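Just so it is clear, the model here is predicted, and its values are computed rather than measured.
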Amino acid sequence: MWRNSQDLLVLKAFCVVIVFNCLFCDSTPASPHIHTHHHGEREEDGGYSPRDKNHIVNGEHHSEFDHEAILGSVKEAEEFDHLGPAEARRRLRILLTKMDLDKDENIDRKELHAWILRSFKMLSEEESQDRFEDADENEDGLVTWAEYIADSYGIQDSDEENDISNEDKSEEDKLLSDDKIMFEAADRNKDGSLNKGEFLMFSHPEEHPDMLPVILKQTLEEKDTNGDGFIDFQEFTGDRAKSHDKEWLIVEKEKFDNEFDKDRDGKLNGGEILSWVVPSNDEIAEEEVIHLFAASDDDHDGLLTYDEILEHHETFVGSEATDYGDHLHNIHIFQDEL
């Protein structure tokens, strides 16, 4: 038991100091922002994950996507998260002068749309560069198939050859086989290795027109069970239908009919398959434009002035402003209770 109220007061004061240090310690931020690379993963239905997959999850908005869509770099977005609000606004103003193509100190929807598409391209290049450097073990500026599978799967080339020749392929074997086909398609000069440009095509095939025929061929091989060159609804759902209820099937049928089957003939042709499998960065960018204007066009004139954007800088780029204010508020509450 504490001997008197003074001892208890000393203890509370000590706790405040500890909490304050934890909240503001540079090495352990109290509320970390999470930025992740877009790896072109496949969704459960076989389509490539859209770039904005983690923008809104279960109704919760994640601002990391907005920041990356403006900055065009996961690394820069992480850096902005640790800037003070004044420095974040200063750097954002510099970006606005580059975004503002007609130099009228307003950002219109077309300018913002073009900038976001530019950012998507830069994000893919950054992510591909990181993966390239990891895989290029001998640092010769090329990635061989052996280097790639050693880095990505942790296996040696000789082991892989035995695995993918097995008719009864496991899931990893299927991934390896698909990767090998994509690797060879991206190897434009057929020298058995990928330079940085070729590796970008390999790591983000859904963003390169020359790779779309390969994606279509792989999708048909996986989904077109009757071999007619189309994908009907039963093939679209495939084995997934076995583990879902009737309500799920109704939702998927509505999606199949209204979103993918454009000519309403009950099956997906090549173009419709690619519209399903390959996300449209153009559409994602347009949705992001709508989102950012709704959040910051205070006078609703269809233009974003520099001042409007800087006033809402935390929407466009990260900074420590919000977290810092929250932490101070929490400290004051703690002190008031002493």
Side-chain angles (χ1 to χ4, degrees), residues 26-43 47-57 60-85 87-96 98-99 112-136 143 148 151-152 194 196-208 278-289 291-292 295-296 309 312-324:
D26 289 337
S27 61
T28 52
S31 181
H33 302 265
I34 300 174
H35 294 272
T36 58
H37 277 303
H38 172 79
H39 293 286
E41 296 100 340
R42 306 297 287 266
E43 299 280 78
Y48 283 82
S49 297
R51 188 168 286 282
D52 62 346
K53 176 182 179 181
N54 296 316
H55 189 196
I56 298 176
V57 180
E60 182 179 355
H61 174 253
H62 296 270
S63 61
E64 292 82 6
F65 173 77
D66 302 318
H67 302 164
E68 292 165 13
I70 295 299
L71 295 170
S73 168
V74 169
K75 296 171 184 176
E76 285 194 27
E78 290 171 344
E79 182 179 347
F80 264 81
D81 287 342
H82 296 90
L83 295 177
E87 178 63 13
R89 283 193 291 267
R90 185 190 73 80
R91 296 193 188 187
L92 177 57
R93 178 177 281 278
I94 295 173
L95 285 181
L96 294 180
K98 299 177 181 179
M99 192 185 306
L112 185 56
H113 185 273
W115 183 266
I116 291 171
L117 285 177
R118 171 185 178 274
S119 291
F120 288 169
K121 182 174 182 291
M122 292 172 61
L123 285 163
S124 294
E125 290 171 351
E126 179 184 71
E127 192 273 335
S128 179
Q129 175 68 20
D130 287 346
R131 293 179 65 185
F132 184 91
E133 291 175 357
D134 288 341
D136 184 15
V143 171
Y148 169 72
D151 177 68
S152 298
L194 304 183
K196 290 181 180 179
E198 292 170 334
F199 193 86
L200 177 61
M201 294 175 61
F202 168 65
S203 61
H204 294 78
E206 76 280 12
E207 296 181 359
H208 293 83
V278 178
S280 170
N281 277 348
D282 193 70
E283 291 179 5
I284 294 170
E286 183 57 33
E287 290 173 1
E288 178 65 358
V289 168
H291 169 69
L292 292 175
S296 51
I309 293 176
H312 297 277
H313 77 276
E314 72 282 353
T315 298
F316 290 81
V317 296
S319 78
E320 292 187 330
T322 302
D323 289 343
Y324 182 81

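Contact record, Leu117 with Ala285: CD2-CB, 3.8 Å, taken as the closest heavy-atom pair. The nearest pair of heavy atoms linking Pro279 to Ile284 is CB-CD1, 4.3 Å. Residues Leu83 and Glu87 share a closest heavy-atom pair of CD2-CG, 3.9 Å. Between Gly318 and Ala88 the shortest heavy-atom distance is O-CB, 4.0 Å.
Checked against the 6.0 Å centroid threshold, His61 and His55 count as a close aromatic pair.
Remark: side-chain polar atoms of Glu126 are paired, donor with acceptor, to backbone N or O of Val74 under 3.5 angstrom. The backbone N or O of Glu283 sits less than 3.5 Å from a side-chain atom of Ser280, completing a donor-acceptor pair. Using modelled atom types, no side-chain atom of His208 and backbone atom of Phe202 make a donor-acceptor pair closer than 3.5 Å.
Between Glu207 and Arg51 a salt bridge is recorded (basic side-chain N to carboxylate O distance below 4.0 Å). For the pair Lys75 and Glu79, the salt-bridge criterion is not met [side-chain N within less than 4.0 Å of a carboxylate O].
Ring geometry for Phe132 against Phe199 counts as perpendicular: the plane angle is over 60°, on a 0 to 90° scale with 30° as the lower cut.
If you check the side chains of His204 and Glu125, you find no donor sitting under 3.5 Å from an acceptor. No donor-acceptor contact under 3.5 angstrom links the side chains of Ser296 and Thr315, judged on distance only.
Glu64 places none of its side-chain heavy atoms less than 4.5 Å from the side chain of Asn54. Residues Leu71 and Phe316 fail the side-chain proximity criterion, which asks for heavy atoms closer than 4.5 Å. Using a 4.5 Å heavy-atom threshold, the side chains of Glu288 and Glu286 count as separate. Within the 4.5 Å cutoff, no side-chain heavy atoms of Ile56 are placed close to those of His62. Looking at heavy atoms from C-beta onward, Asp151 lies out of side-chain contact with Val143 at the 4.5 angstrom threshold. With a 4.5 Å cut-off on side-chain heavy atoms, Arg89 and Val317 do not count as touching.
Once rounded to the nearest 0.5 Å, the distance linking CD of Glu76 with CG of Leu95 reads 7.5 Å. Distance NE2/His67 to OG/Ser73: 13.5 Å, rounded to 0.5 Å. Note that CD1 of Ile309 is 7.0 Å distant from CG of Leu112, once rounded to the nearest 0.5 Å. Atom CH2 of Trp115 is separated from atom OG of Ser119 by 6.0 Å, given to the nearest 0.5 angstrom. Between the CZ atom of Arg90 and the NE2 atom of His313 there is a distance of 13.5 Å, given to the nearest 0.5 Å. For the atom pair CG of Asp81 and OG of Ser319, the computed distance is 8.5 Å after rounding to the nearest 0.5 Å.
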side-chain contact (heavy atoms from CB on, under 4.5 Å) assessment of Ile116 paired with Asn281: CA-CA 9 Å; Ile116 291 171; Asn281 277 348; over 6 Å; no
Evaluate the criterion side-chain contact (heavy atoms from CB on, under 4.5 Å) for residue pair His113 and Asp282; output intermediate values, then yes/no. CA-CA 8 Å; His113 185 273; Asp282 193 70; 2.9 Å; yes
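More than 12 non-hydrogen atoms from other residues, nucleotides or ligands lie less than 6.0 angstrom from CD of Gln129.
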